[in-house]
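Shown next, in structure tokens, is the structure this report addresses.
Small disclaimer: the values here were computed from a predicted structure and weren't measured. Labels below follow one simple rule: chain letters A, B, ... track the order of the sequence lines, proteins then strands, and each chain is numbered from 1.
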2 protein chains.
Amino acid sequence: MSAEPVTGDPGAAPRTERQQLGDQSRRRILDAAGQLMAERGYAGTSISAVSARSGLPASSIYWHFRSKEGLLAAVIEDGALQWFAGLPNPAELDAPPTERLAQMLVHVGEALEDRPEFLRLLLLISLERPDESAASLETVRRVRGYARAGLRAAIEAELAARRIPADDATLDTLARFSLAVADAVFIAAEIEPGDTDIPALFRVLAATLPAAAEAATRRRA
Amino acid sequence: MSAEPVTGDPGAAPRTERQQLGDQSRRRILDAAGQLMAERGYAGTSISAVSARSGLPASSIYWHFRSKEGLLAAVIEDGALQWFAGLPNPAELDAPPTERLAQMLVHVGEALEDRPEFLRLLLLISLERPDESAASLETVRRVRGYARAGLRAAIEAELAARRIPADDATLDTLARFSLAVADAVFIAAEIEPGDTDIPALFRVLAATLPAAAEAATRRRA
DNA sequence: CGTCTTCTGGAATGATCGTTCCAGACACAA
DNA sequence: TTGTGTCTGGAACGATCATTCCAGAAGACG
């Protein structure tokens, strides 16, 4: 039986020289596909284009990934891993408590500027493939769930430091709002590059959240 | 010579019965193409799919529109026209000055819920087709320019009513921020429908802008 | 009536799509 | 050495792609 390398993770098995070469090919395919899909969407990216950019024949793509759909899932999974790995650990920030949120948002903004491909891919996939049964949408949701949880924790800490009370529902809404703003700022920058000041928009967000929390709490009372 | 109906506007010429039938076909094609492109993106929408949904043969599509690209441009143009026409005229709102902005945002939110197809198409096209020379991107920018101008006027009026000073640059940033939030809320609703409370997020935005304006002005001083 | 314009129907084009097949190249274990 | 699993190269498949062509239906106009 052949070795089904079509699975997502290479596992922890010892790798022969030949297999390591295959791993490199797999990576080149992932990178090429990630770039292309982020540029032109899923439907707009052909296997032959991935083949051309990666320098590997179509048969290699199909040996490493089950299908075009499987390739997409792997690209999303891999992209998320890399993107989050590039963010600094929020627990290690040495800023005073009332500035941690702002600092974290700055880091997110920088990541958006430095490595926009992944978020672009995520948004494109979310909008382009609303098939109920698409497994990739599930991956997208999971990735966004992580991001939302991180934002929520940062917001909670910030509000606590400022002695602003906030119940769970309010925190949830604020985290969703912040994630939405991150999407939005990114999109604005995509549509009108050079005309969009990403840090400025993130500063607006940071300046804004405490007041929003107070307003929400007041409304709830 | 044949009559080149491939142009966007039917003009003001008197229409014969045969021509009116053609106009109906044109509309059916535009509607079908708009739906499909909003669902699956430009690359994901085939002429044969448009033909199937509209009930007209491919040759009719090519008679009414120069090419697939031309069809896209017409769809965007037409969609923008319809979408803005569905919004109430801000000058006619009868709310007190300090609530006009909130009311306007509510209307925008409702429009997003009622007729999401157009914004979905706009975002999809913006992200999917980053070709420098794409004429459709120009249309997208123009449409967003209108929206931004409307938001800016509403924000300016709101701040004046609240006696919060704001210079041009601040107003511009706030308008961009608000437009971005509108995008974002829409996207969040697309990705996690039923899990996203659109009015709540728009209330956060409305509650947020005066504080943001004050913060921005303070920073600039 | 016949001619013109407008629009539709359907077949056809070559290109490209996703996917498969299979012969080999190459590193390992025996 | 002789397999055996791992991966690549390239040709090939039918399906579908955007687009074109042309015959003809049918109202308009004389």
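Nearest nucleotide to the A/P57 side chain, out of C/dG9, D/dT8, C/dT19: D/dT8.
In this structure, A/S59 does not reach the D/dT8 phosphate: none of its side-chain N or O atoms is under 4.0 Å from OP1 or OP2. Distances shown here put a side-chain N or O of B/H64 below 4.0 Å from the OP1 or OP2 atom of C/dT8. Taking only side-chain nitrogens and oxygens, A/S25 comes nearer than 4.0 Å to OP1 or OP2 of D/dT8. Side-chain N/O atoms of B/S48 include none lying less than 4.0 angstrom from OP1 or OP2 on D/dA18.
Atom CD of A/Q24 and atom C1' of C/dC26 are 15 Å apart (whole Å). When rounded to the nearest whole Å, the span between CZ of B/R66 and P of D/dT20 equals 11 Å. Following rounding to the nearest Å, B/I61 (CD1) and D/dC21 (C1') show an atom-to-atom distance of 16 Å. Rounded to an integer number of Å, the gap from CH2 of A/W63 to P of D/dC7 is 4 Å. Between the P atom of D/dG9 and the CD1 atom of A/I29 lies a distance of 10 Å, rounded to the nearest Å. In this structure, B/L56 atom CG and C/dT8 atom P are separated by 6 Å, rounded to whole Å. Rounded to a whole Å, the CG atom of B/D23 is 15 Å from the C1' atom of C/dT8. Residue A/Y62 contributes atom OH, which lies 17 Å from atom C1' of D/dC7 at whole-angstrom precision.
Of all heavy-atom pairs between A/L151 and A/A175, the closest is CD1-O, 4.1 Å. Closest approach of A/A111 to A/W83, counting heavy atoms only: CB-CZ2, 3.6 Å. Contact detail for A/L124 and A/A38: the closest heavy-atom pair is CD2-O, 3.6 Å.
When side chains are defined from C-beta on, A/R176 counts as touching A/R148, because their heavy atoms get closer than 4.5 Å.
Comparing A/G55 and B/S46, the nucleotide of DNA chain D nearest to each residue sits closer to the 5' end for A/G55.
Counting heavy-atom neighbours within 6.0 Å of B/F84 CZ, excluding the residue itself, gives a total above 12.
Residue contacts for B/S51: at a heavy-atom cut-off of 4.0 Å it reaches no nucleic acid atom on any strand shown.
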